[in-house]
Amino acid sequence: MTLYHGSNADIDAIDLTWGLRHKDFGKGFYLTPDRMTAVRMAQKKARLFGGAATLITYDMDEAALRSDLKVKIFPEKACVEWLVFVDANRDRKTVEPIHDYDIVIGPIADDGVVLQLTNFREGIYTPEQAAAQLQDRYLDQQYYFGTEQALRFLRKTSVETL
């Protein structure tokens, strides 16, 4: 399976210590099967941090999903479990990781999701109400790789400066 990573520079070797802790699925390496989503991320990173918008293509050996790795796959649409999981990972008060998955696959909580997450966190919406608000919204998909064992199933195939 082809996956893409948008960045502001080429990545020689994936270093999991560089990831930010309070992302959708926690500290790890993120990719998407949607090329345009990765292109937008590369452009955003270059705009924010300098460098050149860079699209890195990887091949993921799908045997990872059938291996002894701990894998969590959320539905493509927002659901209560996904919403609560993302909210817990993004909680800045949390010091330790909230899960021990090697790979997590599910929707990206983009800017359009932040309002529902905020309303859930502030008690305005129940998790069910917040997830229901997102049911008609298309959410790009993301693949999180959180361990060195998971990274063994990725192979970089190309790098493109945009």
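All figures in this text were calculated on a predicted structure; none of them were measured in a lab.
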Check against salt bridge (charged side-chain N to carboxylate O under 4.0 Å, His left out), D110 and R137: CA-CA 11 Å; D110 62 11; R137 182 178 174 82; 3.2 Å; yes
Any donor-acceptor N/O pair, W82 side chain to P107 backbone, under 3.5 Å: yes
Got a sec: does the CG of D136 have more than 12 other heavy atoms crowding it under 6.0 Å? no
Any residue meeting side-chain contact (heavy atoms from CB on, under 4.5 Å) with K70, in chain and number order, not counting sequence neighbours: D100, Y101, D102
Basic-acidic side-chain contact under 4.0 Å: E81, K72: yes
Look only at the side chain of T118 and the backbone of Q116, and say whether a donor-acceptor pair between them is shorter than 3.5 Å. no
Kindly work out whether a path of hydrophobic side-chain contacts (I/L/V/M/F/W/Y, heavy atoms less than 4.5 Å apart) joins I14 to Y30. no
Check the surroundings of atom CD in Q129: do more than 12 heavy atoms from other residues, nucleotides or ligands lie under 6.0 Å from it? yes
Taking atom OH of Y144 and atom NZ of K27, what is their separation to the nearest 0.5 Å? 10.0 Å
Residue list, side-chain contact (heavy atoms from CB on, under 4.5 Å) with R92, at least two apart or on another chain: H22
NZ/NE/NH1/NH2 to OD/OE distance under 4.0 Å, D140 and R40: yes
Check step by step if side chain to side chain contact (heavy atoms under 4.5 Å, CB included) holds for T37 and I108. CA-CA 10 Å; T37 298; I108 298 173; 3.8 Å; yes
Could you report the tightest heavy-atom contact between S67 and A64, atom names first, then the distance? OG-O, 2.8 Å
What are the two closest non-hydrogen atoms of I11 and I56, and how far apart are they? N-CD1, 3.6 Å
Quick one: sort the F74 and F25 rings into parallel, tilted or perpendicular, breaks at 30° and 60°. parallel
Donor-acceptor contact below 3.5 Å, side chain N89 vs main chain D24: yes
Using a 3.5 Å distance criterion without hydrogens, assess whether the side chain of T32 forms a donor-acceptor pair with backbone atoms of Q142. no
Between D34 and Q141, do the side chains contain an N or O donor and an N or O acceptor separated by less than 3.5 Å? no
Got a donor-acceptor contact below 3.5 angstrom from the Q135 side chain to the A132 backbone? no
For the side chain of R35 and the backbone of Y4, is there at least one donor-acceptor N/O pair under 3.5 Å apart? no
I'd like to know if D59 and K156 make a salt bridge, using a cut-off of under 4.0 Å between side-chain N and carboxylate O. no
Which distance, rounded to the nearest 0.5 Å, do you find between the CG of L83 and the CD of E128? 9.5 Å
Hphob cluster co-occupancy, M41 + L162, side-chain heavy atoms under 4.5 angstrom: no
Quick one: do R121 and D87 satisfy salt bridge (charged side-chain N to carboxylate O under 4.0 Å, His left out)? Show the steps, please. CA-CA 8 Å; R121 177 161 298 206; D87 184 64; 2.7 Å; yes
Contacts of F29 meeting ring-ring contact (aromatic ring centres under 6.0 Å, His included) (sequence neighbours excluded), chain-then-number -> H5, Y58
